[in-house]
Amino acid sequence: MPEGTLCNKTPVDTVEQLQALLADKSGKQYYEEMTQLDVDAPALWATIQKTFKSRMRTWLEICSHCGMCADSCFFYLANDRDPTQVPSYKIQATLGEIVHRKGRVDNAFMRDVMDTAWSKCTCCNRCGLYCPFGIDTGVMFSYLRGLCFSQGFVPWEMKIGSGMHRIYRAQMDVTSEDWVETCSWMCEEAEEEWPGLEFPVDKPDADIIYTVNAREVKHYPEDLADAAVLFHIAGENWTVPSKGWEETSLAMFAGDWAGCKQQVEEVYAAMDRLKPKRMVVTECGHAYRATVIEGPYWAGLKSGKTPIESFHYVEWVAEALRTGKLKIDPAKKIKEPVTYQDSCNYIRNGGLRECAREIMSYIAEDFREMKPCGEHNFCCGGGGGLNGIGRYRPQRNVGLKVKRDQILATGAKLVVTPCHNCWDAIRDLEEHFKIGIRWSFLKPLLLKMVIVPEHLRPEE
Amino acid sequence: MYAFLTGPMAWIAFTIFFVGLIWRGIWYVRGLDWRLDRVTYGQNVKYGIRGAVRSIARWLIPYGTHSWRYYSGYTALVFIFHIGLLVVPIFLLAHNLLLAERWGVRLPALSDAMADTLTVAAIVAAVLILLRRIALPEVRIITRFYDILLLLIAVTPLWTGFLAYHQVGPYQFWLIAHILAGEILLMAIPLTKLSHFLLFFLSRAQLGMDFGIKRGGMKSKGMEW
Ligand code: SF4
Ligand code: SF4
Ligand code: SF4
């Protein structure tokens, strides 16, 4: 059986396909079918010839096998320095082999490649900072995921995630109606406490268009209310789009480049339609990476930039604190030791280290850096989609050790985690290792300490 | 033999070296693709240049990056080895005399003591690099025979030259071995992954532009390598 009914080379584009996949509990049948899936070697090789150009070819060729990337990878450290976890080894044994064999690899090999690409690399790009030749193995792994996806060798949850984006333009089955409804429901709820609070949908020419992560809509709607209240307190003229509100991209984690393009184009269309001055995205790392950093390239925008200037939530918060739009009550600053999880996606790969430091200087009295930190911080352990893949839960949990030790070394019991994936990973880390820490997004912390201007205070 | 190696063979070696490197450079740059690489090479040029320069400069400075500092011992070996390989052949008095005789060009020359020190240090570094390769499991697992062969190709001109210059053993033999080894190295540079002689700069510039233009360079002071 070359192509399975669930596991095959066709991306999920219909609700029926999606439902069939979801009905297959934890992908049991899916992974069984995968053991029979044929590799289309000519197609694989054709794709490589078209897309594998001098940058990556050079990376594979000139790697001097010096091993300086070894200690940079948290998987290598967390697995007791297992040599098979050295970035150079991982990529040479997978992508390197595929290229070397001109795509003529078999099913078992491709399943191994899939396991490596998703369970031994989170595409955190830290190794790229440690290689003297600037070989960014994370970039190559992301490319490799694309090859796997095109051949149907992709973890079950990733196939579903990519399908969600293709069908709903969101990482979960949240429709535009669900979204708008949730907004107005959250607005009603919060209005009781915040008279005059608005949750403007599709308002043209606003200063800020706010975009989110579908999880917030589906599982954490309070986060939407918190965002609205903070914009309200800061006096921002903001809106959300009814369509193009989702910034995340499981399609990116899946290596589904066509799906990625569809997803970001929906967001860019909202920018074009509503003509806001700038875009702010919620506290999510990979959402920012997908829509702001990589997205313009998927969409073929020659400037390499989003149609309007785009900001991560930490940039907005830092600016609001700096300009006094948000004022912190000094008595309510965080007194206990607190640390900050630098997300690979908007810190290492987004240049926002200083924003995070600036925010902490306003809200915390005893801020403690992890070591290493900033651009050099280790991945939380759950990035690149790994948090969501059941098949690799054990590997993920081992990987969390590095973050656990980093946090313990700071002595802080509170971890600020303005990234959905990091937030999940650190929650799971606590569940798994029970080290007695708490973790939080910025919004709830800010709401506890911000000074509410006189005219916005609820009448007693 | 001597006449052949210093005549036609030298021409061949230098031609392969230069033409090969030029070809490598053109091939690399032509294979860059803003859409596939997801870096706008032709736009935001100012940020691109800043990123590229930063990415190269930091890595050329001993202990200039986190990585160089982290692997402090190995970093010392790498720099000593490369300084020996690059500085000695260009500024050696004996080479300079040859150059003056043939082309009438003179470069400043190293003192004998300095040249000896650099050479011996580089040879020792090469031996230690080899031992590290074998001793450390994380390096051993990625080591191929090819890697050891290239190290040998790179270091052979040094020790043969040293033996010839100090007339240890048969001078003629070592001299010829030295010239041959030098020519093999020159040809190996563009033809093997020793092409990092050039590609180090291009690849570093590329990643520097990636970070400088796309991955945060426009929102920060630049990557802290
Ligand atoms: S640090 Fe770079 S050159 Fe060295 S082994 Fe790793 S990828 Fe290869
Ligand atoms: S990108 Fe991150 S996880 Fe992947 S190999 Fe490099 S350091 Fe390891
Ligand atoms: S989840 Fe956070 S730390 Fe982990 S890879 Fe993503 S951004 Fe990085």
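Every chain is numbered from 1 and lettered A, B, ... according to where its sequence line falls, protein lines coming before strand lines. This structure is a prediction, so every number in the text was calculated from the model and none was measured.
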Side chain, backbone, both or neither of [X] within contact of chain B (heavy atoms, under 4.5 Å):
{"X": "Arg55(A)", "result": "both"}
{"X": "Tyr143(A)", "result": "neither"}
{"X": "Gln92(A)", "result": "neither"}
{"X": "Asn349(A)", "result": "both"}
{"X": "Trp59(A)", "result": "side chain"}
{"X": "Cys355(A)", "result": "neither"}
{"X": "Leu60(A)", "result": "neither"}
{"X": "Lys302(A)", "result": "both"}

Check whether [X] gets within reach of chain A through its side chain, its backbone, both or neither, counting any heavy atom under 4.5 Å.
{"X": "Ser203(B)", "value": "both"}
{"X": "Trp225(B)", "value": "both"}
{"X": "Glu138(B)", "value": "both"}
{"X": "Tyr74(B)", "value": "side chain"}
{"X": "Glu224(B)", "value": "both"}

Can you classify the ring geometry of Tyr297(A) versus Trp34(B) as parallel (below 30°), tilted (30 to 60°) or perpendicular (above 60°)?
tilted

Measure up the Tyr313(A) and Trp316(A) rings against each other and bin them: parallel (under 30°), tilted (30 to 60°), perpendicular (over 60°).
tilted

Got a sec, which residues hit ring pair (Phe, Tyr, Trp, His ring centres under 6.0 Å) with Tyr63(B), two or more places apart in sequence or on another chain?
none

I'd like to know which of Val29(B), Val39(B), Ile213(B) tops the heavy-atom pair count under 4.5 Å against chain A.
Val39(B)

Looking at chain A, which one of Arg24(B), Gln43(B), Arg204(B), Met218(B) has the largest number of heavy-atom pairs inside 4.5 Å, strictly under?
Arg204(B)

Drop me the distance from Tyr340(A)'s OH to Asp342(A)'s CG, to the nearest 0.5 angstrom.
6.5 Å

